[in-house]
Amino acid sequence: MSASSNPAPVRSQSPKHVAVVGATGAVGVEMIRVLESRNFPVASLRLLASPRSAGKKLSFRGQEITVEPLTTDSFAGIDIALFSAGGGISKEYAPHAVKAGAVVVDNSSAFRMDPKVPLIVPEINASAAASHSGILANPNCTTAITLMALYPLHGAFGVKSVIASSYQAVSGTGAQAIEELSRQVGQIASGQPVTREVYPHQIAFNVIPHVDSFLEDGYTREEMKMQFEGRRIMDLPEFTASVTCVRVPVYRAHSVALTALFVRPVSLEKAREAISAAPGIRLHDDPSNAVYPLPIECSGEDDCRVGRLRIDCALPNALSFWVSGDQLLKGAALNAVQIAELL
Ligand code: A2P
């Protein structure tokens with residue numbers, strides 16, 4: 001993991017008993033790594049997954065920890081439970097964790113729109129964490145990465161709306177999708193028929209304009225998260241977002257092409273200053289030397305990157321730009337651990 005402009009805080013709190021639900025998944029594994037790399041004060045770590053993974057061993061601070069099957073009794077003695085096993089598991093088990101006295105940081109979409117549950121990107125609305133009543137929500141990965149670039153620009157010019165297209169890595173779907181891309185690349189390279197289990201179409205050497213399920217108005221649920229979660233996180237009830245989410249054959253790190261419309265006139269100089277001064281986002285913008293954010297370079301990095309920053313030629317008071325970030329880190333595990341650090 002790279003050096004971050006968001007270093008872990010100096011610790012004053014006592015070590016916590018921590019559980020990771022979905023510990024064997026694409027995000028869960030990163031949560032364990034981030035707890036270690038940020039030196040989170042862990043008194044004990046309980047790793048929970050489905051019965052399929054029971055007995056498997058994962059390493060934390062040089063120790064092998066045995067994965068246990070998740071049950072309603074898994075949270076006795078736990079202070080902080082990081083959930084990343086899908087919305088159904090969160091809905092079913094988070095109340096048991098809270099009842100046992102744990103604070104839940106949930107990576108799924110199960111509670112994100114619940115007004116009693118703070119939805120947090122620590123660089124933007126850390127203070128909202130204080131009002132939790134046992135559960136805090138981690139935002140959608142594409143939304144979190146987008147807001148890392150958008151929020152400093154909002155501070156400079158006042159954002160009204162965005163029009164965006166995402167380029168989302170397969171690891172956002174989970175470990176099975178990573179396997180699906182690898183398998184299909186192998187099948188194509190060796191002239192075998194392509195098999196698919198996760199996506200509705202071949203993902204290798206293709207792009208699929210379909211992330212999450214479709215709504216009646218033609219958008220997908222994933223696409224609308226940017227508007228609804230963006231409003232909560234930025235405390236901007238009038239914010240609108242028209243998004244097309246696209247799955248691309250990239251293993252890791254999401255990218256988003258955005259045009260953002262602002263209330264006040266924009267300037268490139270001020271936009272660059274605002275981004276340079278913000279934590280967790282880096283200006284990576286020298287197009288004449290082919291320098292712009294690439295998912296391959298953002299993979300494993302805590303910070304998101306923004307580039308291709310330009311005054312939009314079609315709309316007034318608008319900027320167009322490109323942002324990339326590791327969605328398993330800032331879009332999921334890192335953001336979740338940062339939320340836990342606020343507690
Ligand atoms: P398992 O590996 O045992 O299936 P991903 O998003 O990468 O697919 O990971 C999903 C995570 O959620 C995995 O850790 C997976 O465990 C876990 N999970 C899936 N179903 C359950 C379940 N019924 N109970 C507990 N954990 C589950």
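Nothing here was measured: the structure is a model prediction, and the numbers come from that model. Numbering of ligands and ligand atoms starts at 1, following listing order.
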Subject >> Option whose closest heavy atom lies nearest to atom 25 (C) of ligand 1, chosen from Ala49, Ala85, Gly22, Ser53 >> reply: Ala49
**OP:** Please check if any side-chain donor atom of Thr195 sits under 3.5 Å from a side-chain acceptor atom of Arg183, or the reverse.
**Re:** yes
Subject >> Phe228 with Leu136, same ILVMFWY side-chain cluster at under 4.5 Å >> reply: no
Original post:
Nearest to atom 8 (O) of ligand 1, what protein heavy atom do you find, and at what distance?
Top reply: Ala175 N, 3.8 Å
Original post:
For the salt bridge (charged side-chain N to carboxylate O under 4.0 Å, His left out) test, which of Glu123, Glu30, Glu301 pairs with Lys330?
Top reply: Glu123
**OP:** Could you tell me which atoms of ligand 1, counted from 1 in the order shown, lie closer than 4.0 angstrom to a heavy atom of Leu70?
**Re:** 25 (C)
**OP:** Would you tell me whether His96 and Thr72 have side-chain atoms, one donor and one acceptor, within less than 3.5 Å of each other?
**Re:** no
Original post:
Taking the non-hydrogen atoms of Arg52, is any one of them nearer than 4.0 angstrom to ligand 1?
Top reply: yes
Original post:
Side chains of Ser299 and Asp326: do they bring a donor and an acceptor to under 3.5 Å?
Top reply: no
Original post:
Is the distance between the ring centroids of Phe239 and Phe262 under 6.0 Å?
Top reply: no
**OP:** May I ask you to check if ligand 1 and Ser50 share an N or O to N or O distance below 3.5 Å?
**Re:** yes
**OP:** May I ask you to check whether Gly25 has an N/O atom sitting below 3.5 Å from an N/O atom of ligand 1?
**Re:** yes
Subject >> Region of Ala23 that comes within reach of ligand 1 [heavy atoms, distance under 4.0 Å] >> reply: backbone
Original post:
Would you say the side-chain atoms of Ser288 and Asp286 include a donor-acceptor pair closer than 3.5 Å?
Top reply: yes
**OP:** Output yes when the distance from some N or O of ligand 1 to some N or O of Val27 is under 3.5 Å, and no in every other case.
**Re:** no
Original post:
Do Ser74 and Glu68 have side-chain atoms, one donor and one acceptor, less than 3.5 Å apart?
Top reply: no
Original post:
Nearest protein heavy atom to atom 6 (O) of ligand 1, by residue and atom, and its distance?
Top reply: Gly174 CA, 3.7 Å
Original post:
Can you tell me which residue and heavy atom of the protein come closest to atom 13 (C) of ligand 1, and the distance to 0.1 Å?
Top reply: Thr24 OG1, 3.4 Å
**OP:** Please verify whether a non-hydrogen atom of Gly86 lies at under 4.0 Å from ligand 1.
**Re:** no
Original post:
Any nitrogen or oxygen of Ile89, main chain or side chain, under 3.5 Å from a nitrogen or oxygen of ligand 1?
Top reply: no
